[in-house]
Each structure stands twice: as C-alpha cells, then as structure tokens.
Amino acid sequence: MVTASSTALPAAAVSRLHRTVIDWYRANARDLPWRTADASPWAVMVSEFMLQQTPVKRVLPAYAAWLERWPTPAALAADAPGEAVRMWGRLGYPRRALRLHAAATAITEEHGGEVPTDHAQLLALPGVGEYTAAAVASFAFRQRHAVLDTNVRRVFARAVTGVEYPAQATTAAERRTAVELLPAREETAATWAVAVMELGALVCTARGPECGACPLRAECAWQRAGCPPYEGPARRGQTYEGTDRQVRGKLLAVLRDAHGEVEQARLDEVWHEPVQRARALDGLVADGLVEPVGPGVYRLPV
DNA sequence: AAGCCGTGGCT
DNA sequence: TAGCCAAGGCT
C-alpha cells in the first residue's frame, strides 16, 4: 500500500512504485518537443511558462514559433516586451509573456545568457514559482526536486491519500509526501517527476480517470476505498463572461493585431460599458501590458 | 491567503 | 449545453 508516512513504507515498496511508474512512462509517454534530447534549458523554460494553465495542445504551435524567433534568452531580451506579448497570441494570461521576457532579460544580464541551473536562482526569476523552478531544474538539468503540479497532486491525492481531489492550495503534507517518494538517485528522480506528471495527465485525469489502464490500480488508496467522490468545499468556478478579464482580453486583442499605435476610439468599440472598459485598460497599463503613447493613444510596450 | 489573471477544448 | 478544467504565479 502506498502511504504518506515514510516510516510505514518499506524501501522495497517505494522502489517498486518507482519502477512501476517509470516503466509505464517509458511505454506510454507522449512525444513532446520539449522532452527531446536536443531541447535546450531555455526551450524547457519556454514550455513551462506556456504550460502554466494552458493545455499542451494549444501550446505546441506557439512553442515552435516562439523558439524559432527567439532561440536564446538573449534573442528575446533584445526585442521589445510588446513583441513577446504579440507573439503570445491567444495563449491566455498574457502577463506570462511579459514575465518570460523579463526572465530572459535577467538571464542575459545576470547569468551570462545561460538559464541558471541553481534552484534558488531559478526561483528568483520573474514568473518562476515553486513548480516551475523545480520543473526546469528537474527536466532540463536532471536534478532531484519534488515537482508538484496539479497532475502530481491529483495522483498523490488518490494513490496515497485515497481522496479524489487534492485541496485547493498545496499543503505541507503534500510536499512531505512528494519529498518522501522522491527516488534517491538524481537521474531516477528526474524521470520519476516527469513520469508521475504524465500519469496524471493521461490516466489519472481530473474527470473520467482511466483506472482500468492505471499501473497503480492495485496499490491505489482511492481505488481500495471504492473511489469515493470529492467531499470538500465546492471549488469556485471561474466565471468569465462579463468580467474584467474578458474586457482586458478584448482590448489586448485589438492592440496585438494593430502592429502600432491604436486610437482610443478603436478600443472603445470592444466594450459598451465605459466604467468597466476604463478600469480594464487602466489595469493593462498598470500591468505593463499596454503603454500610453499620448492622450487617447496606446500601444504594446516598446 | 483568497482572489485575480485568458482562452478554448472537452464532456 | 454549460460548466469544468488546463505542466501557476503574484499580491
């Protein structure tokens, strides 16, 4: 049985778990471009930024186009942040484009143009949080880190804790579990990290998990408990229609497509309600996504 | 620390 | 169909 307590879990059982998941991964992993041997650390970092809350399928073409245009951090840093926002297209959460540009600038100016290998230095980069720092260190540099994303958290919630979904925010107990289950060898730990994530993405999915195809079926605590449905507090649905986010999206779409300065009147067309429209535009300016050029004239940041 | 920040595919 | 959800980060 998979358990959260390291003392209760024999080392042999943990090793068997590692082997099971890694063997499954070797047989079932998707062929993704950021996983190939020639994917640079920068390429891995670009993929991780794009994959923050955006599905793989939509990232694939954007990733290829981005790296063709900016194959190195220095290449991106030499271009205007607005170009990064434009290239980001409709991936969503465009502040990520700005942060990726800022990270490229920091890498160029403070790390000699090379993505830092040190976890703490990665974490210090704009847009790099707990997950992304561990992911880049693990995937690009084959280091030993607990990589806790939504997929891994769900796999652990089920297989280890026996509940359908993890809590809303990552807990200390989850981090403990992740660290305890980490293989000792760096190389094995790096493969384990991507393998558990892939299991969560392909089999142990949020809805309609394919437990019949799961290599952990026999040892899964959730399975053993009879797959009890989620009982926690209702997870807040993300409403979108009519929100500032929607208005921001419409405004930015106009600016992206304009390739230059845009008159206020063209922005006014995207939303009928003037107060919300102004608030959204102010927010974009405050975030650095939009630059006021003169009275009633705007553009993407230069 | 709860809420904000885009967009579109999938069931 | 309309929610639900997606390799999070920041404040």
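Proteins come first, then strands; the chains are lettered A, B, ... in the order of their sequence lines, and each starts at number 1.
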Touch class at under 4.0 angstrom, heavy-atom based, for Leu91(A) against every strand present: base
Sugar-phosphate, base or nothing in reach of Arg153(A), heavy atoms under 4.0 Å: nothing
Atom-to-atom span, CG of Leu60(A) to C1' of dA6(C) - whole angstrom: 14 Å
Nearest listed nucleotide, side chain of Arg58(A), among dT7(B), dG8(C), dC5(C): dT7(B)
Donor-acceptor pair, side chain of Gln246(A) and main chain of Gly242(A), under 3.5 angstrom: yes
Residue-phosphate contact under 4.0 Å: Tyr93(A) side-chain N/O, dG9(C) OP1/OP2: no
Glu198(A) side-chain N/O to Arg30(A) backbone N/O, donor-acceptor pair under 3.5 Å: yes
Heavy-atom side-chain contact between Leu216(A) and Leu17(A) under 4.5 Å: yes
side-chain N/O Arg90(A) vs dG6(B) OP1/OP2, d < 4.0 Å: no
Polar side-chain contact Arg245(A)-dT7(B) base: donor and acceptor under 3.5 Å: no
Whole-Å distance separating the CZ atom of Arg279(A) from the C1' atom of dC5(B): 14 Å
Per Ala201(A) side chain, nearest of listed nucleotides dA6(C), dA7(C), dG6(B): dA7(C)
Sugar-phosphate only, base, or nothing, as touched by Gly92(A) at under 4.0 Å among non-hydrogen atoms: base
Approximate separation, where rounding is to 0.5 Å, of Arg158(A) CZ and Tyr165(A) OH: 6.0 Å
Point-to-point distance, once rounded to the nearest 0.5 Å, from CG of Leu91(A) to CZ of Arg58(A): 6.5 Å
Distance, rounded to the nearest Å, where Asp287(A) contributes CG and dG6(B) contributes P: 7 Å
Any Thr132(A) side-chain N or O less than 4.0 Å from OP1/OP2 of dG9(C): yes
Per Arg99(A) side chain, nearest of listed nucleotides dA7(C), dC5(B), dG9(C): dG9(C)
Between Tyr298(A) and Arg266(A): side-chain donor-acceptor atoms closer than 3.5 Å: no
Whichever of Leu123(A) and Asp149(A) has its nearest DNA chain C nucleotide further upstream toward 5': Asp149(A)
Sugar-phosphate only, base, or nothing, as touched by Glu130(A) at under 4.0 Å among non-hydrogen atoms: sugar-phosphate
Any strand: nucleotide that pairs with dC10(C) via Watson-Crick or wobble, under 3.5 Å: dG3(B)
Sugar-phosphate only, base, or nothing, as touched by Trp34(A) at under 4.0 Å among non-hydrogen atoms: base
Rounded distance in Å - OH (Tyr240(A)) to C1' (dC4(B)): 13 Å
Leu51(A) CG to dG8(C) P, straight-line distance once rounded to whole Å: 8 Å
Leu202(A) CG - dC5(C) C1' separation (whole Å): 16 Å
Under-4.0 Å side-chain N/O to phosphate OP1/OP2 contact, Gln53(A) with dG8(C): yes
First encountered from the 5' end of DNA chain B, between Lys57(A) and Leu284(A): Leu284(A)
Integer-rounded Å distance: dC4(B) P and Leu252(A) CG: 20 Å
Sugar-phosphate, base or nothing in reach of Leu32(A), heavy atoms under 4.0 Å: base
Sugar-phosphate only, base, or nothing, as touched by Phe49(A) at under 4.0 Å among non-hydrogen atoms: nothing
Donor-acceptor pair (no angle test) under 3.5 Å: Thr54(A) side chain, dG8(B) base: no
Sugar-phosphate only, base, or nothing, as touched by Ala206(A) at under 4.0 Å among non-hydrogen atoms: sugar-phosphate
Residue Arg207(A), side-chain atoms from C-beta onward, closest of dA6(C), dC10(B), dA7(C): dC10(B)
Test item: Arg144(A) side-chain N/O and Ala189(A) main-chain N/O as donor-acceptor pair under 3.5 Å: no
Residue-phosphate contact under 4.0 Å: Arg96(A) side-chain N/O, dA6(C) OP1/OP2: no
Inter-nucleotide P distance (dT11(B), dA7(C)), Å rounded: 14 Å
Rounded distance (Å) that lies between atom C1' of dA7(C) and atom NE2 of His145(A): 16 Å
Side-chain donor-acceptor contact under 3.5 Å, Tyr131(A) with Gln52(A): no
Selection from dA7(C), dC5(B), dA6(C) that lies nearest to any side-chain heavy atom of Pro55(A): dA6(C)
Toward the 5' end of DNA chain C, by each residue's nearest nucleotide, Ser47(A) or Pro126(A): Ser47(A)
Touch class at under 4.0 angstrom, heavy-atom based, for Tyr165(A) against every strand present: sugar-phosphate
